[in-house]
Each structure stands twice: as structure tokens, then as C-alpha cells.
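Everything on this sheet refers to the single structure shown next.
Per chain, numbering begins at 1; letters A, B, ... match sequence-line order. Just so we're clear, the structure is a prediction, and the values are computed from it rather than from any experiment.
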Number of protein chains: 2
Amino acid sequence: MNVEEIIKTEKKIPLPSRTIIHLSLVANKINEIITCSLKAYEMSLEQFNVLRILRGQKGKPANLSTLNERMITKMSNTTRLVDKLILKGFVDRSICPSNRRKVEIRITKPGEEILLELDKAMQKAEERILNNLNTKDLEELNKLLDKF
Amino acid sequence: MNVEEIIKTEKKIPLPSRTIIHLSLVANKINEIITCSLKAYEMSLEQFNVLRILRGQKGKPANLSTLNERMITKMSNTTRLVDKLILKGFVDRSICPSNRRKVEIRITKPGEEILLELDKAMQKAEERILNNLNTKDLEELNKLLDKF
DNA sequence: TTACAATTATTGTATATACAAATGTATGTT
DNA sequence: AACATACATTTGTATATACAATAATTGTAA
């Protein structure tokens, strides 16, 4: 993860551009490590996020729009994402009785169980990602990221 | 870009996880803004990066492996990425005479010209992205990102 | 209440990407 | 020279994603 090497190709990249490139590189690294950890469970990062959101609902079902707001994905993908989780038995979907346009998506027992496994894998991944940063670093980083 | 809203769904997300989520969100926002700016030129972020790398070569051709090292994409995509840039006339490709396994990829005049346009669009995008951060913020952020 | 607009989700399709296998070229060994 | 091996790139294919079009339901205003 050496920005300098990548950056040296263009003569002198100004600080703002450098920061953005730097951020993208770090984000990519993070993404790669996490995706790789999840792959052992045949779970994509997006699927994992859906499961986490559903767990956060504490039994209350979520509809697609809700999932969508909390995620980066586009609506059209969310449908198919949920399809895949249903196939694996980690969530179920039913039509909302009060508004039949909506669907209600819930996490299942097996879904909650796999999520516990995934939590552990995530924690290991995080340790790998953040092993050079201490609490103060993280706090500062959060503060800076808040400005975006 | 309110992390809090996304984060409140799970009870209390510990600082390391929060930081990583936060970073991903910011990276996504950046990606979206930049991609959107480039779309006006029917140029993907990846294509743009290839052009920038080629410009950085200062006339010296790059082969696929070189492009690949400097980018995030996988080799198999780089081939097709370059295909598209050739179609648009922004780069050309020829077989390396000294080692015919290799290819030599060069940016063309039209490629350099469009790149100047793109530079301007990028600068505007950067201003949008970073308008809440001052130089000191950027320096600190870079310092922290270096730790990854 | 009927017609029209808005909401919610799904599907079709084109494009992008990942991964593995294949191609063509070069190098080393016997 | 013949063969195996390594290298650089390309291609095939399965999966993922984006965007637009469609379907189904509900809200609303004349």
C-alpha cells in the first residue's frame, strides 16, 4: 500500500488529488480483505450487509426500500441480492399485509447463526486492516471522515 | 453522508468497525461523484486511470502488466479496457518488437486532449468532494491513511 | 368512483468484472 | 533439436451490476 509509488508516475500530484487517490486505495485494500474473509463463507459483502441490517431490525421486518437506503446498491440489485439470501435460507420474504406493494424481509435463525460466524471473521479482518492504528488514530480518522 | 444514521441500526458499533464502515461510505461517495463527472465524457474511472498512467509514461509505452500493477483491475479486464480506449482513438496498441509476448500501449494526441478536459472535470469534482476540508485536514488525513 | 399519478418492487438487457483456461512467445535443459 | 517451463496477454464463461422498462398496488383529486 505505497501511494508514493503509484503517485510518482505523474509529476507532482497536488495534495487534494493525492488525498482522494490515497483514500480510494485504502478503501480498495479494505474491501479486498473483507471480501476475501467473507468468501470462505460464500457470502458477498453486500449479502453480509443485508443480514446485518436485518439483525439491527430486531425482529421488525424490513422492506426493500429500507434495505436500499442503508446500502450502496441499487434497488434492482437489492431484489436479486435478497433472492440469493432466500435460496440459502438466511432470510425470508413475504408480502406486507398492510401495503401489498411492499415486501417484508426478515432474518431467519440460520441467518442469525451464520452472522455470528461472520462477525468473528470480520473481527479478524478488522484486526488485519487496522493493526497499525491506535485508538487515537481511529478517533481522528473518524473526525476527519465526518467532514466529507 | 451521515454515518450515524446508518450505524444506529446496530446497537453500539465499536470504534474499529465504525471507522471501517465510515471509510467505505466516504470512498463510495467519492467514487460516485467522480464516476458521475466522467460520465459526461462517456469515460469510466478505470479508463481515465489508464489514460493518466499513459500520460505519466511521457511517451514511453506501457505494457499491460505495467498498467495492471498501477491499477486495481484484474489483468483480464485491462485487455478489454484498452480495447475500448482504442475504439475511441485515445490510445494505440502495438506488439513489442523486442518481445512479441508484450504489447506496447501509448496515449494518442486525441487521448491527451480529452485528458486535459477530464482534468478540469476532475478538479471540479475534487472541489465538491473536499469543500469541507482545509489543507491541514488533508495533511492529517494523508498521514493517517499512510498507516494502512 | 373513476382516472391519473405516485409508490414499491421486479424484470429485461446491456455492460462490467472475476476467475479459469487457452494462446502465443520466449527461455532453459538435456 | 526437442521438450518442458515460464511469461504476457487474450478469450470464454459465469456472475454481478446499472439503467430503463414494466407490473402491481395505493393515494388522490375531479
Requested in this report: Could you tell me the separation between the CG atom of L64(A) and the C1' atom of dA23(D), rounded to a whole number of Å?
Outcome: 15 Å
Query raised in the report: Do you see a donor-acceptor pair shorter than 3.5 Å between the side chains of N63(A) and T66(A)?
Result: yes
Just the table, please: protein N/O against nucleotides 18-20 of chain D N/O, every pair under 3.5 Å.
residue: dA18(D); atom: OP2; partner: N77(A); partner atom: ND2; Å: 2.6
residue: dA18(D); atom: N7; partner: N77(A); partner atom: OD1; Å: 3.4
residue: dA18(D); atom: N6; partner: R80(A); partner atom: NH2; Å: 3.1
residue: dC19(D); atom: OP1; partner: K39(B); partner atom: NZ; Å: 2.9
residue: dC19(D); atom: OP2; partner: K74(A); partner atom: NZ; Å: 3.0
residue: dC19(D); atom: N4; partner: S76(A); partner atom: OG; Å: 2.8

Query raised in the report: Given dT25(C), is OP1 or OP2 found less than 4.0 Å from the side-chain N or O atoms of R100(B)?
Result: yes
Query raised in the report: Tell me: CD of Q47(B) to P of dT15(C), nearest whole Å?
Result: 13 Å
Query raised in the report: Should K102(A) be listed as having a side-chain N or O under 4.0 Å from OP1 or OP2 of dA24(D)?
Result: no
Requested in this report: In whole angstrom, give the distance that lies between atom CD of E32(B) and atom C1' of dT17(D).
Outcome: 14 Å
Query raised in the report: Should the pair E126(B)-K124(B) be classified as a salt bridge under the 4.0 Å nitrogen-to-oxygen rule?
Result: no
Report task. Answer yes or no: side-chain N or O of R101(A) and base N or O of dT8(C) forming a donor-acceptor pair under 3.5 Å. Result -> no
Report summary line: Against the side chain of S65(B), the closest entry in dG24(C), dT8(C), dT9(D) is dT9(D)
Query raised in the report: In terms of the nearest nucleotide of DNA chain D, which residue is placed more toward the 5' end: R93(B) or E46(A)?
Result: R93(B)
**Report entry** Of the listed nucleotides dT25(D), dT10(D), dA9(C), the one nearest the side chain of T79(B)
**Finding:** dT10(D)
Report summary line: Distance col, row L85(A):CG vs D92(A):CG, nearest 0.5 angstrom, shows 11.0 Å
Query raised in the report: Are E113(A) and K109(A) ion-paired here, with the side-chain N under 4.0 Å from a carboxylate O?
Result: no
